[in-house]
Amino acid sequence: MREVSVKDTASGERKPIDPGVPVSIYACGPTVYSRIHIGNARPFVVFSLFSRFLRSEGYDARLVVNVTDINDKIYEAATAAGVGSEDLAKEMTAAYLADTDRLGLGRPDSEPLASETIGPIIDLIEDLIEKDNAYESGGDVYFSVRSFPDYGSLSHRDPDEMDQGEPDDGSPKRDPLDFALWKAQKEGEDTSWDSPWGPGRPGWHIECSAMAEQEADGLPLAIHGGGSDLVFPHHENEIAQSEAARGVPLAGIWMHNGMIETDREKMSKSEGNIFQLSKALDRYGSEAVVSFLVSGHYRQPLAFGEEGLEEAVARNERIRNFFREAGADGAEPDSAALESLERFRDALADDFNTPQALAELFDLLRRANQGEASGVAPVMREMLGLLGLERLAEVEEGVDEEALALLEERETARAGGDFEQADRIRDRLAELGWEVRDSQDGASLVRLNRS
RNA sequence: GGCGCCUUGGCGGAGUGGUUACGCAGCGGCCUGCAAAGCCGUUUACACCGGUUCGACUCCGGUAGGCGCCUCCA
């Protein structure tokens with residue numbers, strides 16, 4: 001077990017993860033009002049792989065990724081589509097699960113729904129009211145930001161300098177900074193839950209505070225994460241709610257992933273520059289999508305373009321070629337291979353530097369091809385597994401009889417010097433989806449399909 | 001305006017006070033009947049200006065440009 005450290009958004013410093021206790025990780029998942037795009041997939045991939053890495057190092061990691069299925073956006077989208085908001089939320093939750101399933105990374109250990117956490121949410125709000133950190137106003141309940149002195153510590157903001165741009169007249173809030181914990185049901189909203197304050201629904205941030213403490217073995221969480229666009233106000237508000245109510249920190253480390261960008265702009269539904277995850281999976285395959293997402297450091301923005309996905313396909317193909325040539329090599333890893341694996345793991349332990357790890361992988365790949373390292377296949381398999389790319393080690397099987405017969409025919413033609421016939425057969429094989437590769441050991445067939 | 005962050009070779013993208021990141025693409029070569037795959041080589045990379053230093057792409061200060069958040073957002 002090596003020391004794994006992560007840069008913490010709140011302190012700006014790298015913090016080691018405590019190996020002696022269970023590592024609870026809570027990452028904010030999507031609000032389900034439409035199909036998710038590649039940008040939404042990034043935290044899913046990052047936190048899935050990071051917890052996978054922690055486990056492989058012997059940490060007792062547990063990953064929770066919630067689904068926010070109650071939200072203003074859902075009402076809006078449902079109204080626009082002419083369907084019930086509950087139906088839309090259910091449909092989009094199912095789509096989210098199906099889309100992320102296709103990434104082939106398995107599921108988080110728990111995926112709680114806001115709609116199934118109403119009881120704990122109400123309890124938490126009641127606690128906050130009791131402690132004078134929240135107040136009811138006309139069926140709504142608001143968190144009193146001024147009652148929480150540390151407000152702004154995560155996002156490095158001073159409440160006094162926040163411009164809410166909202167005049168006080170007629171607002172149910174006592175202070176423009178306050179935010180809703182509970183919203184009374186409004187006209188046009190087709191779902192509601194009973195509460196001590198009347199029918200309504202939770203505000204945006206409270207569901208995560210409730211789900212986080214439900215899922216963790218007590219606060220603080222080891223790591224709380226999500227996209228960097230959630231730092232303020234979402235995570236700041238979560239901290240205020242949870243810490244005011246419980247008197248302990250919400251999380252030891254705040255881990256935020258950077259945005260996927262197109263044309264130097266954040267990919268977002270409101271910008272309209274999105275690329276759906278399912279579309280990327282259809283077109284390029286899951287390995288390409290995962291490979292693309294691990295090609296940049298999780299904390300930095302990552303430029304998206306279809307070229308990036310095509311590049312990932314090419315990169316993956318090179319790895320597959322290695323296994324086609326050397327996959328069956330049963331040699332024990334030599335020191336070069338083992339040292340490379342150490343560096344690979346060191347890179348991941350150092351703020352989960354996947355591009356650095358990928359560089360190690362390719363460095364080893366090159367040296368294996370050059371014959372400078374042996375017993376590389378099992379090491380490479382382990383590396384790929386840690387990046388969620390283990391399927392690249394699977395070499396295609398089941399070359400059909402027809403193709404094999406054609407290949408033999410071609411060999412005969414080549415041996416007889418009839419290269420025109422040999423090339424005709426090669427073209428024919430290409431039509432059947434096979435690429436012919438000659439080597440000193442004879443010819444072999446490789447599937448032509450992408451990714 | 002406030003807070004946070006960024007500016008690396010054709011593109012993507014790491015990193016370090018002094019040595020080739022890595023990948024993709026291109027070009028040349030080896031291999032091949034020709035290709036493909038693989039290998040080798042290759043295209044004077046670190047926004048700009050100062051400072052610290054024996055030495056800075058890497059530290060400090062400033063300039064310019066860009067991005068994110070401050071409203072829903074992974």
In whole angstroms, how far is the [atom2] atom of [N] from the [atom1] atom of [X]?
X	N	atom1	atom2	answer
A/H297	B/C5	NE2	P	13 Å
A/R367	B/G38	CZ	C1'	17 Å
A/F304	B/C11	CZ	P	19 Å
A/E13	B/G4	CD	P	14 Å
A/R437	B/A36	CZ	P	11 Å

Need one value for [X]: base, sugar-phosphate or nothing, where a base atom within 4.0 Å counts as base even if backbone is also close, heavy atoms only.
X	answer
A/K73	base
A/I260	base
A/G308	nothing
A/V436	base
A/T31	sugar-phosphate
A/H234	nothing
A/Q300	sugar-phosphate

Among [options], the nucleotide that comes nearest once only the side chain of [X] is considered:
X	options	result
A/N369	B/G15, B/C69, B/G38	B/G38
A/E161	B/A37, B/G2, B/C34	B/G2
A/D229	B/C72, B/A37, B/A74	B/A74
A/R264	B/G66, B/C69, B/G33	B/G66
A/N257	B/C72, B/G38, B/A74	B/A74
A/H37	B/G13, B/A74, B/C67	B/A74
A/F419	B/G33, B/A74, B/C67	B/G33

I'd like to know if the side chain of [X] and the backbone of [Y] have a donor-acceptor N/O pair within less than 3.5 Å.
X	Y	answer
A/D178	A/V145	yes
A/S115	A/D69	no
A/R62	A/E215	yes
A/D363	A/A359	no
A/D8	A/S11	yes
A/E236	A/G152	yes
A/D150	A/A240	no

Practice problem: Give the C-alpha distance, both sets of side-chain angles, the deciding distance and a yes or no for ring-ring contact (aromatic ring centres under 6.0 Å, His included) between A/H37 and A/F275. | Solution: CA-CA 5 Å; A/H37 58 252; A/F275 198 92; over 10 Å; no
Donor-acceptor pair under 3.5 Å: do we get one between [X]'s side chain and the base of [N]?
X	N	answer
A/R410	B/G33	yes
A/R426	B/A35	yes
A/D423	B/A35	no
A/D263	B/C67	no

Practice problem: Just jot down the ring pair (Phe, Tyr, Trp, His ring centres under 6.0 Å) partners of A/H205, sequence neighbours excluded, or say none. | Solution: A/F179, A/H234
Pairwise [atom1] distance for [N] and [M], with rounding to whole Å:
N	M	atom1	value
B/G38	B/U19	P	30 Å
B/C27	B/U32	P	22 Å
B/G4	B/C48	C1'	23 Å
B/U71	B/G66	P	23 Å
B/C11	B/U44	P	14 Å
B/G9	B/U58	P	15 Å
B/G29	B/C54	C1'	41 Å
B/C60	B/U53	P	16 Å

Quiz item: Listed by chain and number, what are the side chain to side chain contact (heavy atoms under 4.5 Å, CB included) partners of A/D101, not counting sequence neighbours?
Solution: A/R107
Self-check item: Duplex segments of RNA chain B, taken as runs of at least three Watson-Crick or G-U pairs that stay under 3.5 Å
Solution: B:1-7 with B:64-70, B:10-12 with B:22-24, B:26-30 with B:38-42, B:47-51 with B:59-63
Quiz item: Of all of residues 143-156 of chain A, which get a heavy atom below 4.0 angstrom from RNA chain B, listed by number?
Solution: A/S155, A/H156
Quiz item: Start at the 5' end of RNA chain B and walk down; is the nucleotide closest to A/L365 or to A/R299 reached first?
Solution: A/R299
Quiz item: B/G15 phosphate, OP1 or OP2: any side-chain N/O from A/N353 under 4.0 angstrom?
Solution: yes
Self-check item: Heavy-atom protein contacts under 4.0 Å, nucleotides 19-30 of chain B, coded B base, S sugar-phosphate only, - none
Solution: --BSBS------
Self-check item: Non-hydrogen atoms of A/A336 and A/E372 that approach each other most closely
Solution: CB-O, 4.1 Å
Exercise. Anything under 30° is parallel, anything over 60° is perpendicular, the rest tilted; go ahead and classify A/F143 against A/F148.
Key: perpendicular
Practice problem: Kindly indicate whether a cation-pi arrangement holds for A/K186 with A/Y75, taking the cut-offs as under 6.0 Å to the six-membered ring centre and within 45° of the axis. | Solution: no
Quiz item: How would you list all residue pairs meeting ring-ring contact (aromatic ring centres under 6.0 Å, His included) that involve residues 349-381 of chain A, not counting sequence neighbours?
Solution: A/F50-A/F352
Quiz item: Is it true that A/E402 and A/R428 make a salt bridge, defined as a side-chain N closer than 4.0 Å to a carboxylate O?
Solution: yes
